[in-house]
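First comes the structure, then the notes that go with it.
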Amino acid sequence: MQTNEAIAKLSPDLPLTDEQSRLVKRVLRFTGIHLADPQPAVFTINGDAGTGKSVVLTHLFTELQQNARHNPDSVFYHTTNYFTVNHPEILKVYRELAGHQSALLKKDFQRPTSLINRLNKKDENTDVVVVDEAHLLLSKPDHYNNFYHDNQLVELLKRARVVILVMDYSQVLRMKSLWTPDRLQQIISPYPHREYQLTHQFRMTASDNLVHWLNRLTSECVIDDIPADARDGYDFRVYDDAEEMRRAIVARNQEVGLSRVLSTSGYPSTLDGGKHYIHEGNFKMSWDQYNFTSTPWAEIPQTIDEVGSIYTCQGFDLNYAGIIIGPVVSQRPHTRQLQVNLDRFTDSEAFKKRSDITDPQEMNRLERWMIMNALNVILKRGVRGTYIFAHDPLLRQTLSELFASHGWSQIIQC
């Protein structure tokens, strides 16, 4: 029976592929070898959105805790281990998952800041720390979130014997969590470390050609012809009317659930507790509100009437995603290239200055990179289908013409 619950998609009861199973064994072997080392060791799992990184981690951590708590013959017996993720919505899923697994406890799952501050306060160390979404680790102080050190990974390495990271540089979205391969290597190079690259796309049932088209759009800002097999086994659509797209998403949600409208930045958005709306012609919906419940945003029925942001959808599967490419991204006139409009960016928290970046051009380059990263993340949420609407008239026209060139109608029968 199909379920839309996020915990079912991360459950350690799900079978792994041969590659994933081998990876779990490899990481556990590495961890066991380095438990007694005088210095910490690091294993990094790299992979794009939807490549099964989090599923590997839940299997790995469940096996680790099963041995730690119940297997006297294991090298992990009586070890103290934690699973961290710097994303409140994803943390809710993991803690709910713990309630369904005898080897896992809710207290095993922590925000990095909470774990670091507690270990430092008690002057305690731990054995293994698993970090999901490691690209969200803070790489500068964040007093608002009670982190007063320079880098969360550095602090974890001070307190753990082995740190296991899941990293996706194309999901770096904020200056306070700035990670690049070079920045990571500067930190971990003194320690024993291994890495592995996951490449197979599991989330989207889309063709490889469509995934490549999306990657070119977001990483190279190139608007290629939409591949002819974009709709083979996948519901891909381009809309020239945001309200029509919303109605289609509502219809999908009534049929199979877990279908939502998402948007990039470029519309009014302020952290003042009030509602802020996205207007596009006859379309008018408010941004997502802060979710105080223990249920992930996309699983709350009422959020069909909200527009999801990068902060509520990152790391989650949707059945169908309606994507609004907002004013922050447009098409460069007389070209098939995208351009980033930094003056239209409205996420004031994302680009706070860093003392280690003094070159304005470098800052602008990183800001543009992060904006396209955010577009990449939301474009890859839809398991069964992705619908696109662009605010920019030229981009909307180009995408619509490319879509129609295959003989596809924008209004496909629901």
Any donor-acceptor N/O pair, Thr346 side chain to Gly266 backbone, under 3.5 Å: yes
Electrostatic pair Asp123-Arg159, nearest N-O below 4.0 angstrom: yes
Side-chain donor-acceptor pair present, Tyr94, Asp132, cut-off under 3.5 Å: yes
Minimum-distance pair of heavy atoms, taken over all atoms of Cys313 and Ile378: SG-CG2, 3.6 Å
side-chain contact (heavy atoms from CB on, under 4.5 Å) against Asn253, all qualifying residues, sequence neighbours excluded: Ser259, Arg260, Ile304
Donor-acceptor pair, side chain of Thr335 and main chain of Arg332, under 3.5 angstrom: yes
Close side-chain approach of Glu195 and Leu165, heavy atoms under 4.5 Å: no
Polar side-chain atom of Asn376 near backbone of Met372 as donor-acceptor pair, under 3.5 Å: no
Polar contact flag, side-chain donor to acceptor under 3.5 angstrom, Gln152-Ser139: no
Heavy-atom side-chain proximity of Ile324 to Tyr267 below 4.5 angstrom: yes
Identified side chain to side chain contact (heavy atoms under 4.5 Å, CB included) counterpart of Glu133 within the set Leu91, Ile90, Asn86, Leu57: Ile90
Atom of Val307, atom of Trp297 and distance for their closest heavy-atom approach: C-CZ2, 4.1 Å
Asp317 with Lys380: basic N within carboxylate O range, under 4.0 Å: no
Closest contact, heavy atoms only, Phe403 versus Ile226: N-CD1, 3.7 Å
Partners passing salt bridge (Lys or Arg N to Asp or Glu O under 4.0 Å) against Asp150 (at least two apart in sequence or in another chain): none
Qualifying residue, where the test is side-chain hydrogen bond (donor to acceptor under 3.5 Å, both in side chains) with Arg161 and the options are Asn125, Thr80, Asp127: Asp127
Salt bridge Arg231-Asp235, side-chain N to carboxylate O under 4.0 Å: yes
Distance-only side-chain donor-acceptor flag, Thr398 / Gln331, under 3.5 Å: yes
Under 3.5 Å side-chain donor-acceptor pair for Gln66 and Asn71: no
Tyr169/His135 aromatic ring centres below 6.0 Å: no
Criterion side chain to side chain contact (heavy atoms under 4.5 Å, CB included) on Arg194 and Tyr196, from CA distance to verdict: CA-CA 7 Å; Arg194 294 289 184 273; Tyr196 189 89; over 6 Å; no
Exam field: side chain Asn341 to backbone Arg344, donor-acceptor pair closer than 3.5 Å: no
Chi angles and distances behind the side-chain hydrogen bond (donor to acceptor under 3.5 Å, both in side chains) call for Asp288, Thr312: CA-CA 8 Å; Asp288 45 27; Thr312 46; 2.5 Å; yes
Any Met204 side-chain heavy atom under 4.5 Å of Tyr234 side chain: yes
Pairs flagged by ring pair (Phe, Tyr, Trp, His ring centres under 6.0 Å) wherever residues 337-364 is involved - sequence neighbours left out: Phe345-Phe351
Beyond-backbone contact of Thr295 with Lys92, side-chain heavy atoms, under 4.5 angstrom: no
Whether Ser177 side chain and Arg174 backbone form a donor-acceptor pair below 3.5 Å: no
Parallel, tilted or perpendicular: ring planes of Trp213 versus Phe236, cut at 30 and 60 degrees: perpendicular
Donor on one side chain, acceptor on other, Asp168 and Ser170, under 3.5 Å: yes
Pairs flagged by salt bridge (charged side-chain N to carboxylate O under 4.0 Å, His left out) wherever residues 351-364 is involved - sequence neighbours left out: Arg183-Asp356, Glu349-Lys352, Arg354-Asp356, Glu362-Arg365
Parallel, tilted or perpendicular: rings of His143 and Tyr148 (30°, 60°): tilted
Side chain to side chain contact (heavy atoms under 4.5 Å, CB included) partner of Arg381, the single match among Asn319, Leu262, Leu258: Leu262
Donor-acceptor contact below 3.5 Å, side chain His87 vs main chain Glu89: yes
Residue pair Trp369, Glu367: steps toward the side chain to side chain contact (heavy atoms under 4.5 Å, CB included) verdict: CA-CA 5 Å; Trp369 174 60; Glu367 289 172 353; over 6 Å; no
Heavy-atom pair of closest approach, residues Tyr239 and Ala248: OH-CB, 3.3 Å
Test item: Asn282 side-chain N/O and Glu243 main-chain N/O as donor-acceptor pair under 3.5 Å: no
Below 3.5 Å, can you tabulate the donor-acceptor pairs from side chains in residues 25-44 to any protein atom, sequence neighbours excluded?
{"residue": "Lys25", "atom": "NZ", "partner": "Ser21", "partner atom": "OG", "Å": "3.3"}
{"residue": "Thr31", "atom": "OG1", "partner": "Val27", "partner atom": "O", "Å": "2.7"}
{"residue": "His34", "atom": "ND1", "partner": "Asp37", "partner atom": "OD2", "Å": "2.5"}

Backbone of His59 reached by a side-chain donor or acceptor of Thr62 within 3.5 Å: no
Distance-only polar pair, side chains of Asn81 and Gln65, donor-acceptor under 3.5 Å: yes
Short side-chain donor-acceptor distance under 3.5 Å, Ser207 and Asp229: yes
Shortest non-hydrogen contact from Leu402 toward Asp224: CD1-O, 3.5 Å
Side chain to side chain contact (heavy atoms under 4.5 Å, CB included) between Ile223 and Gln337, intermediate numbers included: CA-CA 6 Å; Ile223 312 169; Gln337 293 276 332; over 6 Å; no
Partners meeting salt bridge (Lys or Arg N to Asp or Glu O under 4.0 Å) with Glu220 (sequence neighbours left out): Arg216
Distance-minimising heavy-atom pair for Val85 and Arg111: O-CD, 3.3 Å
Side-chain touch Phe61/Asp108, heavy atoms, less than 4.5 angstrom: yes
Any donor-acceptor N/O pair, Asn117 side chain to Asn146 backbone, under 3.5 Å: yes
Donor-acceptor contact below 3.5 Å, side chain Arg252 vs main chain Tyr320: no
Working for side chain to side chain contact (heavy atoms under 4.5 Å, CB included), residues Leu178 and Lys140: CA-CA 8 Å; Leu178 175 58; Lys140 67 185 293 290; over 6 Å; no
Side chains of Ser330 and Gln339, donor plus acceptor under 3.5 Å: yes
